[in-house]
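The structure under discussion appears below in the form of structure tokens.
For ligands, and for the atoms within them, numbers begin at 1 and follow the listed sequence.
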Amino acid sequence: MIPISKPFITDAEKNAVLEVLDSGMLAQGSRVADLETRFAQVCGTKHAVATSSGTTALHLALMAHGIGPGDEVITVSFTFIASVNSILYVGAEPIFVDIEEDTFNMDPALITDAITDRTKAIMPVHLYGQPCDIAAIMEVARQHNLTIIEDAAQAVGAKYDGKPVGSFGTGVFSLYATKNIMSGEGGMITTDDDEIAEYCRLVRNHGMKRRYYHEMLGYNFRMTDLHAAIAVAQIERLEEMTTKRRENAAYLQEMLKSVVTPVVRPNVDPVWHQFTVRLDGNRDREAAVKQLNEAGIGTGVYYPVPAHQQEYIRIIVGDVSLPVTERIAEEVLSLPVHPQLSQADLELIVREVNKL
Ligand SMILES: Cc1ncc(COP(=O)(O)O)c(C=O)c1O
């Protein structure tokens, strides 16, 4: 079976982990600091702060901006649940806006109507590694004096107008095992703001600057050097792996005829965390998945149930209607695009998908 994703692990990752094990210093230390420096370079930001996961990074970023009970955060429902959960963790309320039909990302035209006097932030998501229309979103944020927290969990290295995602607002990334670069579990916050970075560093480590003197209530959101060592080895190959994803995506774009292939705006450089097609009309997605799986092709549906339709969230936000999100959630299907695909794999994917 061609897997939908596959961690790209080489001797570099294995040796890096062994070195940390041999050093006896496993907790947050020099490897984490090294990773943070490299990550900030990739994003073109002054700071990068590593955390234990993308979810803890989102949680921390919201706290750093002082978002809490009584506040509203505008986001999308068509995302991984962590985007929304993090808003709930801080006691704020997620306000959902619909997505653009072609890019699956937040529709900037809908934001203004969702703003109230309780709105504090906008959290757009760069879904599947494709930048959302961040310039248009920033313009609305500027007019209403709102913070932007970019959920760039899936989009490390992606660019909008030539500028890396995660450098427009406060950026949040995931290094979970299936991500374009990974550490098993891990997250990152990127910012140019010294105070936000300082807050995140403090609160990820129990509010501790001097050993056992705690300046405020904090958490254990630290990344270990073991995890960071893996990610450092990965970040060294980020460009190479992204290029391969782009080549694979270009091939699939050109060769697939039976499905709606992804639309890429001219001013963005996506990194193809997922290659997501649409089975338009009334085609049976379950049958398509079965057919492809039987032919040896792994697939993914990200995400079959949008956040606003998850029962525990519906109880909080009530009945919300997001027609584009709801339709797209029924039509999307992700195909393998990862850098370890061979030409034979790509040809099999094209042949089988074109039979659908
Ligand atoms: C869009 C999005 N946001 C947040 C997260 C959370 O990251 P993590 O799984 O590292 O906690 C993910 C990870 O899958 C994601 O895809």
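- A donor-acceptor distance shorter than 3.5 angstrom exists from the side chain of Gln340 to the backbone of Pro7, with no hydrogens or angles considered.
- Here the shortest heavy-atom pairing between Cys43 and Phe173 reads SG-CZ, 3.6 Å.
- At distances below 3.5 Å, not a single donor-acceptor pair connects side-chain atoms of Asn293 with backbone N or O atoms of Lys290.
- Between atom 1 (C) of ligand 1 and the options Ile81, Thr178, Asp151, Val84, the minimum heavy-atom separation is to Asp151.
- When non-hydrogen atoms are compared, ligand 1 lies under 4.0 Å from the side chain of Leu58 (C-beta onward) but not from its backbone.
- Of all atoms in ligand 1, numbered sequentially from 1 with element shown, those under 4.0 Å from a heavy atom of Ala82 are 4 (C), 5 (C), 6 (C).
- Shortest contact from atom 13 (C) of ligand 1 to any protein heavy atom: Lys179 NZ, 2.9 Å.
- Classified by interplanar angle (parallel below 30°, tilted 30° to 60°, perpendicular above 60°), the ring pair Tyr212/His214 is tilted.
- Residues Glu239 and Thr242 bring no donor and acceptor atom of their side chains to less than 3.5 Å of each other.
- Atom numbering of ligand 1 starts at 1 in the shown order; those under 4.0 Å from a heavy atom of Thr79 are 1 (C).
- Here the protein heavy atom with the shortest distance to atom 2 (C) of ligand 1 is Ala153 CB, 3.4 Å.
- Interface of Gly186 with ligand 1, defined as ligand atoms under 4.0 Å from a residue heavy atom, comprises 10 (O).
- Within the 4.0 Å heavy-atom criterion, both parts of Thr55, backbone and side chain, lie near ligand 1.
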Counting only pairs under 3.5 Å, give me each side-chain donor-acceptor contact of residues 127-134, with atom names and distances, residues two or more places apart or in other chains.
| from | atom 1 | to | atom 2 | distance (Å) |
| --- | --- | --- | --- | --- |
| Tyr128 | OH | Tyr302 | O | 2.5 |
| Gln130 | NE2 | Val263 | O | 2.9 |
| Asp133 | OD1 | Tyr160 | OH | 2.6 |

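- With respect to atom 12 (C) of ligand 1, the closest heavy atom belonging to the protein is Phe80 CD2, 3.4 Å.
- Closest to atom 16 (O) of ligand 1 among all protein heavy atoms lies Gln154 NE2, 2.8 Å.
- Cation-pi check for Arg237 over Phe8 is met; the charged atom lies under 6.0 angstrom from the ring centroid and within 45 degrees of its normal.
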